[in-house]
Student: 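Below you'll find the structure I mean.
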Amino acid sequence: QVQLVESGGGLAQPGGSLRLSCVASGNIVDFAGLGWHRQVPGKRREMVAGITSGGSTVYGDSVKGRFTISKDKDKNTIYLQLSTLKPEDTAVYYCNGVRIVTADGNTYNEVWGQGTLVTVSS
């Protein structure tokens, strides 16, 4: 069973920074992509950033130049550095994984974490 657990959310001031972490567990040997989405109540979930196992990255237009995604393969962890935060960045941030392969040969096509709340307010 693959699990994704996010941490690092909280309250930040406009212009401030936060770092989110997502730890993937479950004897993972490979994955196609890991990333972050966010959602505000009443709105569609929005792609924030993604990273492939090879290290290629992609960002949503609203966060380009402000957020940075990275991974630590040894720790099975991805990070999202949020900088120059704006009130409109307030949302629940979800970690997700695509085509995660485990040591027992199973492939999990899509896995989501439980989310962590980021609030940007003065």
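In this chain, numbering begins with 1 at the start of the sequence shown. Quantities reported herein were computed from a predicted structural model and do not represent experimental measurements.
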Student: Flag the pair Y59 / I69 as yes when at least one side-chain heavy-atom distance between them is below 4.5 Å, and no otherwise.
Tutor: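 A side-chain contact under 4.5 Å exists here.
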Student: Give a yes or no answer on whether the side chain of S83 reaches the backbone of S17 with a donor-acceptor pair at less than 3.5 Å.
Tutor: no
Student: Taking the side chain from S122 and the backbone from Q13, do they hold a donor-acceptor pair closer than 3.5 Å?
Tutor: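 No: the side chain of S122 does not pair with the backbone of Q13.
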Student: Linking I/L/V/M/F/W/Y whenever any side-chain heavy atoms sit under 4.5 Å apart, do I28 and V23 land together?
Tutor: no
Student: I would like to know whether E6 and S21 meet side-chain hydrogen bond (donor to acceptor under 3.5 Å, both in side chains); could you show each step before the answer?
Tutor: CA-CA 6 Å; E6 306 97 332; S21 300; over 6 Å; no
Student: Kindly determine whether K73 and F31 satisfy side-chain contact (heavy atoms from CB on, under 4.5 Å), including the steps that lead there.
Tutor: CA-CA 11 Å; K73 184 178 180 181; F31 62 91; over 6 Å; no
Student: Tell me which pairs pass salt bridge (Lys or Arg N to Asp or Glu O under 4.0 Å) where either residue lies in residues 74-86, with sequence neighbours left out.
Tutor: none
Student: Is the side chain of T116 donor-acceptor paired with the backbone N or O of G9 at a distance under 3.5 Å, no angle test?
Tutor: yes
Student: Going by atom types alone, do R19 and S7 pair a side-chain donor with an acceptor below 3.5 Å?
Tutor: no
Student: I want to check something: taking the side chain as every heavy atom from C-beta on, are L18 and V118 in contact at a cut-off of under 4.5 Å?
Tutor: yes
Student: Is the number of heavy atoms from other residues, nucleotides or ligands under 6.0 Å of Q3 CD greater than 12?
Tutor: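 At most 12 heavy atoms, drawn from other residues, nucleotides or ligands, come within 6.0 Å of this atom.
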Student: Distance-only, no hydrogens or angles: does the R66 side chain make a donor-acceptor pair with backbone N or O of S62 under 3.5 Å?
Tutor: yes
Student: Does a side-chain heavy-atom distance below 4.5 Å link F67 with L80?
Tutor: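 They are in contact (side-chain heavy atoms under 4.5 Å apart), so the answer is yes.
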Student: With a cut-off of under 6.0 Å to the ring centre and 45° to the axis, is R38 in cation-pi contact with Y94?
Tutor: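 No.
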Student: Could you walk me through whether L34 and I100 satisfy the side-chain contact (heavy atoms from CB on, under 4.5 Å) test, starting with their C-alpha distance in whole Å, then the side-chain angles of each, then the deciding distance to 0.1 Å, before giving a yes or no?
Tutor: CA-CA 9 Å; L34 291 171; I100 297 175; 4.1 Å; yes
Student: If the condition is side-chain contact (heavy atoms from CB on, under 4.5 Å), which residues does S70 pass it with, not counting sequence neighbours?
Tutor: Y79
Student: Could you tell me if the side chain of I78 sits less than 4.5 Å from the side chain of I51, heavy atoms only?
Tutor: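 Yes - at least one pair of side-chain heavy atoms lies under 4.5 Å apart.
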Student: Would you say that M47 contacts V58 through its side chain, given a criterion of any heavy-atom pair below 4.5 Å between the two side chains?
Tutor: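 M47 vs V58: side chains touch.
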Student: Please report the shortest heavy-atom distance between Y93 and V48, naming the atom on each side.
Tutor: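 That would be CE2-CG2, 4.2 Å.
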Student: With a 4.0 Å cut-off, would you call R99 and D30 a salt bridge?
Tutor: no
